[in-house]
Amino acid sequence: MRVYTLGVLGGLTVLGGRLVQLQGADASQLAKDALDQRTSTTTLYAKRGDILDSSGVVLATSVERRDVIADPLTIGGFNLRNGKPYKEGRGTGPEGAAALLAPVLGIDPATLTAKLTGTNRYAVVAVGITPQLWQQVSDLGISGITSQRQTQRIYPTGAASSTLVGILGTPEETEAGEFTDHPLSGLEMARNSLLVGTDGWMRYERSAGGQEIPLGDSETAEPVDGTSLHLTIDSDLQWKAQSAIAAKVAETGAESGTVVIMDRQQRLLALASAPSLDPTNLVGLTNDQLQNTALTKVFEPGSTAKVVTLAAALEEGVVTADSRFTVPGELVKYDKAFHDSHEHGDEKLTLAGILAVSSNIGTILAGEKLNADLKTTSTILHDYHLAFGFGAKTTLKFPGESAGILGDPAKYSGTQRYTVMFGQGLSVTAVQAASVFATIANDGVRVEPTLIAGTSDPDGNYRAEPGGQTSRVVSATTAKTLRDMMQSVVSEAGTAAAAEIPGYLVAGKTGTANRYDVDLGRYDGYTASFIGLAPADDPELVVAVILQDPKTNYYGGSAAGPVFKDVMTYALARRGVAPSAEPPADLPLTWGGDEAAEQSISTGAVGDTVGQ
């Protein structure tokens, strides 16, 4: 009995000591460990900032979605009490839970049962369902089924602005039905640091079934939503430009097409590129298909760049609109014979006539007047190219934007000193090309192109972005002269009669250039373009249309001109621009009674082909 008593007392002493240890010395640590076991942390996702057009139309926004999460260990005891079903008419365990969930989620019961089976504590059942559908799941009251909140990016305007606004995610993620905030292109990538926001978190105590304990410890760090972008883009003009260029690309079999719309202050109103993409289906897309060609694709501008050469000659005071030139059918310079797009004898053209018929030879003759020394002429012209915005990226900071290709005039080859005068031997983007005409529309003052009008914080406080920097390129007089001269291009006497708009004076220039194919390493196909401004007497808008490698019609006037007319007509009406109040400019195109030249010009017989 004494031994037994001592044994019992010894055991009680050990137990008492253990109790003292647990409830005294180790109490706080054990309480902490227990709290950690029943504490769960959930991410509170910040809402990504919206992207809106100039009128507040949503181009990109985020909506709430839910991921359905299961605790298979808990679900193993679904509808069981003491090993027996406690609700008649329901199955038990994973099979019973799956039978209830499957019709709501639209998932095969066998597949769902497999996901709900096991001893792990976390399994993803469904991804990205709507809050309404989650409420139906929650109403089933299945212990072990919870949700995690996330957001999904949607693009209400679809393909119309997808390459401009950009997209989120990866093809693999989209194919799997997942959604992420990983920016792939466009403004989503360029302004990601503003848009993304800062996620918060919530820690709370949960029961064995995974539900939050109402009076348990909890801590929350609220998310900070992202900043929204307000663009200068007009979504209606973006849609019109996108549909028009997509239709023309399909009609001509072109590789791609671009339309740029800007006002005279170079606020970008539309940047459309075709082919575009479906932002809801990224599977199989290449990086090239994600790009907005208005800023990323470079091309030799061809005759639209003749405007820069003639602007330089006018500004330097070496020519006037009615300066007279005898333009031969062939001009040998350095080791090359230059020709126009059509065979002709000597033509007596004014400077305005040279622009109207887009004469390569006439442009060379005018450009040579810049200086008696050809190298100095190249340097002067290069300075004007730079001043008009060639050879440098804009300040838009758009992903993949190119600066174009503008060589060092000191390294020009003998022939390149002449070809750059009519737009070959240098490359530009569509925005750079359009910027030249916007500068002329703005009385010779160039404004750095802008795309972001302002931003608004999560509380709705709006802050306007500063306007683009300005610089004078040519005088107001030179700009007015060029606008008058370019009116003759858009007439029966010029190369783009198809771009005329009834009631409005239009000034513009065609371009049909040999196209350099980087993959082939040689010239192959053509770039057809037309860039114009309207109304020419009081310019408001500039529209540039570029078609890369069209197959059925590669002439700038007849391929790109009608797209310009369609888009510009819509834009003038959309912006409420009044018709022209002044009569058309009446500049002489020929001189000296050259009947052959006069007939060629008056009948529009000069075709818009390579060099125009």
Side-chain angles (χ1 to χ4, degrees), residues 302-334 336-374 376-378 380-381 384 415 417-424 440 474 477-478 480-496 507 509-511 585-612:
S303 293
T304 57
K306 290 175 181 173
V307 174
V308 177
T309 302
L310 300 191
L314 287 167
E315 185 68 12
E316 295 296 319
V318 297
V319 294
T320 62
D322 55 4
S323 291
R324 298 177 173 185
F325 294 86
T326 300
V327 180
E330 179 179 279
L331 184 66
V332 177
K333 292 291 183 180
Y334 195 65
K336 180 176 177 61
F338 292 95
H339 301 87
D340 283 331
S341 58
H342 66 294
E343 294 184 4
H344 62 81
D346 288 352
E347 290 185 332
K348 295 181 178 180
L349 303 177
T350 64
L351 190 71
I354 287 172
L355 188 63
V357 300
S358 197
S359 170
N360 296 336
I361 294 174
T363 303
I364 291 174
L365 296 177
E368 284 184 318
K369 291 185 175 292
L370 286 169
N371 196 279
D373 177 67
L374 182 59
T376 303
T377 292
S378 297
I380 294 173
L381 184 55
Y384 276 93
T415 56
R417 296 187 185 281
Y418 296 101
T419 61
V420 293
M421 294 183 185
F422 54 82
Q424 302 263 196
I440 294 168
V474 295
T477 300
T478 294
K480 173 66 165 60
T481 301
L482 283 167
R483 294 198 298 267
D484 290 345
M485 289 169 56
M486 286 193 292
Q487 288 184 48
S488 62
V489 175
V490 189
S491 69
E492 292 301 323
T495 57
K509 186 69 191 76
T510 53
D586 185 19
L587 297 175
L589 305 182
T590 64
W591 62 276
D594 187 328
E595 294 181 1
E598 288 176 354
Q599 181 182 14
S600 175
I601 293 171
S602 65
T603 61
V606 179
D608 185 14
T609 183
V610 177
Q612 295 190 23

Report task. Consider only side-chain N and O atoms of Thr495 and Thr510, and report whether a donor and an acceptor are under 3.5 Å apart. Result ->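 Note: Thr495 and Thr510 side chains meet the donor-acceptor criterion.
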
Query raised in the report: Tell me, do Val307 and Met485 make a side-chain contact under 4.5 Å, heavy atoms counted?
Result: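 No. Closest side-chain heavy atoms not under 4.5 Å.
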
Query - Non-hydrogen side-chain atoms of Glu315 and Tyr384 separated by less than 4.5 Å - result: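 Yes, side chains in contact.
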
**Report entry** Test side-chain contact (heavy atoms from CB on, under 4.5 Å) applied to Val474 and Leu314, step by step
**Finding:** CA-CA 9 Å; Val474 295; Leu314 287 167; over 6 Å; no

Under 3.5 Å: donor-acceptor pair, side chain of [X], backbone of [Y]:
X	Y	value
Gln487	Ala585	yes
Trp591	Asp322	no
Asp340	Ile361	yes
Thr350	Pro588	yes
Arg483	Ile440	yes
Asn371	Thr376	no
Thr363	Ser359	yes

[X] versus [Y], closest heavy-atom pair with distance:
X	Y	result
Val318	Lys369	CG1-O, 3.3 Å
Thr481	Ala321	CG2-CB, 3.8 Å
Val357	Ala493	CG1-O, 4.3 Å
Leu355	Lys509	CD1-CD, 3.6 Å
Ala311	Leu482	CB-CD1, 3.5 Å
Thr304	Gly511	CG2-N, 4.0 Å

Report task. Just do the side-chain contact (heavy atoms from CB on, under 4.5 Å) check on Thr590 and Lys348 with the steps written out, would you? Result -> CA-CA 6 Å; Thr590 64; Lys348 295 181 178 180; 5.6 Å; no

Can I get a per-line list of side-chain donor-acceptor pairs under 3.5 Å for residues 326-334, giving both atom names and the distance, sequence neighbours left out?
from, atom 1, to, atom 2, distance (Å)
Glu330, OE1, His339, NE2, 2.8
Lys333, NZ, Glu368, OE2, 2.8

Query raised in the report: Does the pair Ser303 and Lys306 meet the rule for a side chain to side chain donor-acceptor pair (under 3.5 Å), with working shown?
Result: CA-CA 5 Å; Ser303 293; Lys306 290 175 181 173; 3.0 Å; yes

Requested in this report: Check the angle between the aromatic planes of Phe422 and Phe338 and answer parallel, tilted or perpendicular using the 30° and 60° thresholds.
Outcome: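 Rings of Phe422 and Phe338: perpendicular, over 60°.
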
Requested in this report: Begin with the C-alpha distance, continue with both residues' side-chain angles, and end with the deciding distance and a verdict on side-chain contact (heavy atoms from CB on, under 4.5 Å) for Leu589 and Ser488.
Outcome: CA-CA 8 Å; Leu589 305 182; Ser488 62; 4.0 Å; yes

Measuring from [X]:[atom1] to [Y]:[atom2], what's the distance to the nearest 0.5 Å?
X	Y	atom1	atom2	result
Ser323	Leu349	OG	CG	12.5 Å
Thr377	Arg417	OG1	CZ	9.5 Å
Ile380	Thr309	CD1	OG1	12.0 Å

Requested in this report: Give the C-alpha distance, both sets of side-chain angles, the deciding distance and a yes or no for side-chain contact (heavy atoms from CB on, under 4.5 Å) between Leu374 and Tyr418.
Outcome: CA-CA 9 Å; Leu374 182 59; Tyr418 296 101; 3.3 Å; yes

Query raised in the report: Of all residues at least two apart in sequence or in a different chain, which pass the salt bridge (charged side-chain N to carboxylate O under 4.0 Å, His left out) check with Lys336?
Result: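 So Lys336 forms no salt bridge (charged side-chain N to carboxylate O under 4.0 Å, His left out) with any residue.
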
